[in-house]
Every structure is written in structure tokens, then in C-alpha cells.
Amino acid sequence: MSSKTIVENLQSFGLKRVLDYLDNDPDKNIPRILDWVEKFDKEGIVKGQLNLIKNVFTEQDSNWYKLAKSLWTDIDDDVRKTIFENFIINATILGIKKQEKVKAEKNCNVPWAILFDPTSACNLHCKGCWSADYGKSMNMDLDTLDSIIQQGKKMGTYMYLYSGGEPLVRKNDIIKLCEKHNDCAFLAFTNATLIDEAFADEMLRVRNFVPAISVEGFEEETDYRRGDGTYASIVKAMSLLKKKKLPFGISCCYTSKNAEIIGSEEYFDDMIAKGAKFAWFFTYMPVGVDAVPELMATAKQREFMYHQIRKFRQVKPLFTMDFWNDGEYVNGCIAGGRCYLHINANGDIEPCAFIHYSDSNIHEKTLLEAYQSPMFMQYRENQPFNNNHLRPCPLLDNPDRLPKMVDKTEAVSTDMKHPEDVHNLSKKCVTAAENWSSVADRLWTETTTDTSGKAV
């Protein structure tokens with residue numbers, strides 16, 4: 001059952017009609033849709049984004065216009081309509097209004113998205129992956145997953161992301177949740193090896209599930225971390241999804257071994273040709289006892305990715321996000337419930353997928369109680385962790401910040417098999433942070449100063 005009020009349903013109905021109108025002639029009406037959305041955004045919640053998008057869509061030869069148009073030519077009509085409604089109307093316009101109301105009333109963060117792990121199990125064993133430390137026995141049952149979504153929707157969260165382990169180990173339960181919560185948008189970070197014809201048909205049926213496929217580059221780079229034959233399975237899954245006109249994106253972890261490949265034009269073009277509509281970029285974090293610090297990208301490689309992603313945003317029909325180097329667009333760290341949080345398969349509510357320390361568990365606390373917990377309040381009080389938003393992270397970029405918060409709140413390591421002392425973890429990041437600081441400060445000065453030398 002939808003949790004939207006009568007007023008929200010009326011607003012939703014109006015925006016649905018706009019989407020139907022858009023389908024009649026997307027070439028003509030894509031720019032007009034933005035004017036309609038603006039009318040419903042009376043509080044100016046997405047005003048900045050709308051103005052940016054309007055500028056983009058003034059030229060039909062632009063890469064962004066081509067990307068938007070491809071959602072009509074490449075994606076199933078019913079899937080596109082459902083994703084648009086759930087993502088644009090529910091998660092963004094109506095959802096953010098609810099979130100802001102709860103934030104003001106409860107004096108805590110409320111996330112736009114919740115990332116959670118149905119299981120710790122995985123059918124692969126990737127080099128340097130912390131989930132291998134968790135083992136295969138942890139699972140959140142269906143009722144717990146359902147409860148998280150129900151609680152989240154009451155506070156305005158309509159965007160849910162699955163990680164793991166490999167979330168598609170629980171593909172049947174994931175489909176059940178998509179069915180029940182048909183007003184939400186669901187995404188999964190997946191290795192794609194479990195995507196088959198039957199599951200693709202289920203995706204077509206429920207219409208509100210999108211995979212973000214983990215890929216490390218081409219075959220050599222991907223199979224190096226994920227095992228022989230993994231890349232071939234990924235390519236097969238992408239081909240199937242493209243044939244079925246199902247949307248998907250890629251999730252790329254750039255490391256010391258693959259940054260030059262992942263940041264290459266050849267790689268971008270290949271992923272676009274295979275059908276990817278978005279790409280989320282992460283940098284390797286040395287989390288867990290099996291971590292491989294040598295895989296951490298160098299400052300030079302991180303700067304390379306900074307420039308490559310910005311360059312390709314101007315010319316490639318692919319929506320990209322870099323969760324470290326794009327801190328300038330979101331005012332630093334987005335974790336701790338500010339924009340998102342993470343719940344592992346044991347139910348531990350963590351500030352971030354990469355920060356495995358917690359003082360709350362979903363089996364013992366409600367989501368709201370977790371948002372008001374000492375650990376999450378420390379995040380709220382300390383963000384941003386650096387005035388240079390190209391150094392957003394309290395671990396990788398400011399390794400002194402996380403230990404202070406953990407010590408103050410007495411949060412504990414959530415790794416069930418090999419608890420990691422936060423001070424030891426932070427020490428792994430000191431050299432990388434020092435090397436990146438001078439580069440980031442130079443880039444930040446260039447970013448925040450116009451051509452006349454005046455700060456902007």
C-alpha cells in the first residue's frame with residue numbers, strides 16, 4: 001500500500017499526466033517537461049538541478065539530450081514510465097519534502113536513499129573485498145527488509161539500493177519487495193553473473209528494478225579481481241538486458257591496477273555501446289583484514305579520474321557520478337544519513353558502505369532512533385569534514401576524523417569475523433590522504449576561482 005497522502009496523490013497524478021504527455025512526442029516535449037516539473041516544485045527543492053538541466057536541453061545535438069532521448073528508443077515504455085514516476089515524483093519531489101519535514105521536527109538527518117544488504121553471501125571471491133570477511137551466513141529476512149522500506153517511506157525515502165555479498169542471491173525476495181513497494185525505485189550493485197532470462201522477465205514485469213553492474217575494466221582487469229570468466233558473464237548479462245530494453249548502469253571501482261583503463265575513452269565508449277545509461281565510480285578503500293592497500297589509487301590516478309570524468313560528461317551520453325571526486329557538487333560527505341546510509345546483512349546501521357562502525361542495529365532500533373543515535377548525530381554535527389569538498393571522506397581524505405567520532409560514540413566494528421580497530425584502519429589511509437591533499441587543494445583553488453582570479 002502506498003503511504004502517500006491525498007495531496008501527494010493529486011500531485012503525483014498531475015505529474016503522471018505530464019509523463020504521458022511527454023511520451024507523445026519526446027523530441028518536442030523533453031524541454032517542456034521541465035517547466036511542468038518546476039510548477040510542482042513550489043518550495044524550490046530541485047530548482048538548481050532544473051536550471052542546469054534546462055541549459056543542457058537547449059541543444060538537441062548535445063550528449064545529454066542524446067542520453068535522454070535514448071531512454072525512449074532503448075528502454076521499454078512501461079519500465080521507463082515507472083522508473084520516472086518513482087524516481088522523479090516519489091523519491092525526489094515528494095520524498096524530499098517529507099525528508100525535510102522530519103529533519104526539522106526531529107533534528108536529525110533523513111536519507112534520500114538507503115543502501116542495504118539482503119545477504120552476506122556471494123558467488124564470487126574478489127580480491128580485496130571486505131564482504132569475504134563477513135562469511136555467507138548473514139541474511140536479513142524478508143520481513144526485516146520490508147520493515148526498513150516501510151519505515152523509510154514514512155519519512156520520505158523512496159530510493160533503495162541493494163549491495164552485499166551478492167544481492168541477487170536473494171533475487172526472489174528482491175522481486176517480492178519490488179512488487180509490494182511499487183512506488184519505490186530499486187537498484188542493486190551486482191556482479192551480474194546471476195542475471196538470466198527468467199530474472200530479466202521478472203524485471204520487465206515489476207518495472208522498478210535497475211542493476212548497477214560491477215565491472216573493473218575489460219576482461220583482463222575484471223577477471224584479475226573477480227575471477228576467470230566473470231567478464232564474459234557480465235557481457236552476456238548486458239546483452240540480455242539490452243535486448244529486453246531494460247535499463248542498467250555500471251559500478252566501477254578504480255584502483256592502482258585499473259584507473260587508466262576505467263578512465264579511458266575506449267572503456268567509456270564500450271560501456272555505452274553495450275547499453276549502460278549511467279556509471280558510478282568509486283575508489284578502492286582498504287577496509288577489512290583481507291584489504292590490499294596496494295590497490296589504493298595514487299593521487300596522480302585520482303586526479304586523472306577527476307579530469308577524465310569531467311571531460312566525458314561534456315561529450316558522452318552517459319550519466320556519471322564519482323563518489324569521492326564529486327564532493328564539490330554535494331558539499332562534501334553524503335554519508336551518515338545526510339543523503340544515504342548503509343545497513344549490513346546483520347542489521348547493523350552504518351554511516352556508509354565503507355565505514356563499518358555502528359551503535360545501532362535494525363533489530364533493536366527503529367530507523368528514526370538510528371538517525372538520532374550518537375554516531376549519526378556525530379556525522380550531522382561534523383559534516384563537512386573538510387572545507388575543501390574534494391577531500392570529503394572522514395577516512396580516506398581526513399583519517400583523523402573517523403576515529404574521533406567512533407571513540408566519542410563508543411561505536412563498535414561491525415565485522416563479525418575480524419573486528420578492525422578504527423585507529424589501525426585510519427593508519428592505512430594516512431599516506432594516501434597526505435598525497436591527495438596538495439593535489440585536491442590545487443584543484444579546489446582552480447574550481448573556486450574564476451578566470452579573473454576572484455573567488456566564486
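Atoms considered below: every heavy atom in the structure, side chains included; atoms not considered: hydrogens, waters and symmetry mates.
- Annotation: ring-ring contact (aromatic ring centres under 6.0 Å, His included) contacts of Tyr340 (sequence neighbours excluded): none.
- The local environment of NZ in Lys103 is crowded, with over 12 non-hydrogen atoms from other residues, nucleotides or ligands closer than 6.0 Å.
- Here the side chains of Tyr267 and Ile250 are in contact, with some heavy-atom distance below 4.5 Å.
- For the residue pair Lys277 / Ser70, a side-chain donor-acceptor distance below 3.5 Å is found, with atom types taken as modelled.
- Considering only residues two or more places apart in sequence or on other chains, Ser147 meets the side-chain contact (heavy atoms from CB on, under 4.5 Å) condition with Gln151.
- Proximity of a side-chain donor or acceptor of Asp359 to a complementary backbone N or O of Ala411 within less than 3.5 Å is not detected.
- In this structure, the side chain of Thr222 does not engage the main chain of Glu219 through any donor-acceptor pair within 3.5 Å.
- Relative to the six-membered ring of Tyr306, Arg310 meets both conditions, a distance below 6.0 Å and an angle of at most 45° to the axis.
- Two rings, from Trp324 and Tyr284, have their centers 6.0 Å or more apart.
- In this structure a side-chain-to-backbone donor-acceptor pair under 3.5 Å is missing from Lys106 to Gln372.
- Every residue two or more places apart in sequence or in another chain that forms a side-chain contact (heavy atoms from CB on, under 4.5 Å) with Ala185 is listed here: Asn86, Met159.
- Annotation: side-chain contact (heavy atoms from CB on, under 4.5 Å) contacts of Arg401 (sequence neighbours excluded): Asn382, Phe385, Pro394, Asn398.
- Remark: Glu266 pairs with Phe218, Ser264 by the side-chain contact (heavy atoms from CB on, under 4.5 Å) rule, at least two apart or across chains.
- Residues passing the ring-ring contact (aromatic ring centres under 6.0 Å, His included) test with Phe209, sequence neighbours excluded: Phe199.
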